[in-house]
Amino acid sequence: MRKTLIAGNWKLNKGPKESVKLVRSIGMGLHGVDGCEVLVCPPYVSLPAVNEIINGFPIALGAQNCADHCDGAYTGEISAEMLSEVGCKYVIVAHSERREHYQETDASFIDKINLVHAAGMRAIFCYGEKIEDRRAGRAEEIVRTQLQAVLPQLDSFTPENTVLAYEPVWAIGTGETATPEMAQDIHNLSRNLVAGMFDSNIAEATRILYGGSMKPSNAKELIACADIDGGLVGGASLDSDNFLGIIKAAL
Ligand code: PGA
């Protein structure tokens with residue numbers, strides 16, 4: 001049985017003070033809520049402050065990115081090991097905004113995920129097609145290429161150490177959501193691909209999140225799909241009522 005995961009990706013929002021306010025308000029709203037794993041991914045500088053507050057709340061801490069090296073002369077970078085030291089349990093890797101704005105490559109995703117695993121954390125590996133790919137009928141091909149370029153190359157892939165997140169780029173931050181049917185089709189394809197790369201037990205146990213304009217009003221239908229195991233939530237995770245609404249819809 002795959003445990004539903006609702007993850008908030010705060011992106012470049014919420015410094016330490018605002019992060020503490022937001023996570024406290026999410027934590028209070030989770031009183032009595034059970035059956036779903038909740039994760040927040042604030043900006044790097046807010047991680048230590050949020051880590052102190054989540055003690056006592058059923059909330060895990062994650063980072064939005066990490067370096068593809070473990071240490072050395074890489075000005076401005078933060079290593080997986082450092083993230084683990086400040087309490088992170090998860091790290092998002094290969095978000096489409098990293099692919100697009102920072103030209104990150106498959107080779108760096110492989111290194112990052114291996115480092116996340118080596119530091120004892122879980123990676124959330126993001127993938128998904130752009131609007132032009134979907135219009136050209138190439139969504140499945142893109143998803144296949146992105147998954148096959150990274151997953152079989154990892155030192156280790158298990159349902160415990162890696163979560164997949166299908167995020168159609170055209171649905172991120174646009175208010176446009178994939179229909180549950182569209183999303184389910186890609187999630188099912190992804191699970192079959194994982195079965196082909198590893199085995200069917202691994203595929204059955206691997207969690208695959210949907211991301212892209214998820215909100216309280218569409219979360220229930222999406223998460224009800226057989227192969228959708230939760231959400232990676234951007235905009236709606238910045239407001240505790242909206243984020244809690246998604247968590248409650250997922251239960
Ligand atoms: P969104 O972002 O919910 O604002 O569309 C999702 C994401 O980028 O992870």
Side-chain angles (χ1 to χ4, degrees), residues 4-14 18-19 22-23 26 36-44 46-47 50 59-66 88-104 109 112-113 116 122-131 133-134 139 142-143 146-147 150 162-180 182-183 186-187 190 207-223 225 228-250:
T4 302
L5 171 63
I6 303 295
N9 172 13
W10 296 0
K11 307 192 181 186
L12 181 48
N13 298 288
K14 310 283 175 191
E18 285 197 329
S19 287
L22 176 55
V23 82
I26 294 167
C36 161
E37 196 180 340
V38 177
L39 170 70
V40 294
C41 302
Y44 288 140
S46 302
L47 293 170
V50 171
I59 301 177
L61 186 65
Q64 300 169 19
N65 182 33
C66 70
C88 289
K89 302 286 184 254
Y90 286 84
V91 180
I92 299 170
V93 175
H95 190 279
S96 66
E97 288 149 17
R98 304 295 316 174
R99 292 176 186 263
E100 174 118 3
H101 304 313
Y102 303 95
Q103 290 82 45
E104 291 190 3
F109 302 148
K112 287 180 186 205
I113 296 174
V116 167
R122 293 168 166 164
I124 300 180
F125 176 64
C126 304
Y127 60 101
E129 81 286 359
K130 295 182 184 168
I131 189 62
D133 301 318
R134 178 151 289 266
I142 296 292
V143 161
Q146 290 180 345
L147 290 176
V150 172
T162 309
V163 174
L164 303 181
Y166 168 57
E167 298 205 305
V169 179
W170 48 271
I172 297 178
T174 58
E176 212 178 311
T177 322
T179 63
M182 269 181 199
I186 298 284
H187 280 239
S190 307
R207 291 185 291 181
I208 310 177
L209 312 182
Y210 168 80
S213 298
M214 189 180 266
K215 39 189 182 259
S217 59
N218 61 25
K220 193 173 180 162
E221 271 190 310
L222 285 160
I223 295 168
C225 295
I228 301 184
D229 306 309
L232 181 54
V233 186
S237 71
L238 296 173
D239 174 272
S240 57
D241 287 343
N242 282 332
F243 194 55
L244 288 163
I246 291 174
I247 292 164
K248 286 171 187 164

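Every number for a ligand or one of its atoms is a count from 1 in the order of the listing. All values reported here derive from a predicted model rather than from experimental measurement.
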Basic-acidic side-chain contact under 4.0 Å: Arg99, Glu104: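 No, no charged N to carboxylate O under 4.0 Å.
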
Cationic N near anionic O, under 4.0 Å, Arg207 to Glu37: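 Salt bridge: yes.
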
Verify the distance criterion only: is there a donor paired with an acceptor across the side chains of [X] and [Y] at less than 3.5 Å?
{"X": "Tyr166", "Y": "Gln146", "value": "no"}
{"X": "Thr177", "Y": "Asn218", "value": "yes"}
{"X": "Gln64", "Y": "Trp10", "value": "no"}

Contact residues of ligand 1, where a non-hydrogen atom lies under 4.0 Å away: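 Residues Asn9, Lys11, His95, Glu167, Ala171, Ile172, Gly173, Gly212, Ser213, Leu232, Val233, Gly234, Gly235 each place a heavy atom under 4.0 Å from ligand 1, listed by chain and number.
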
Atom pair NZ (Lys248) and SG (Cys36), whose distance is rounded to the nearest 0.5 Å: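 Answer rounded to 0.5 Å: 11.5 Å.
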
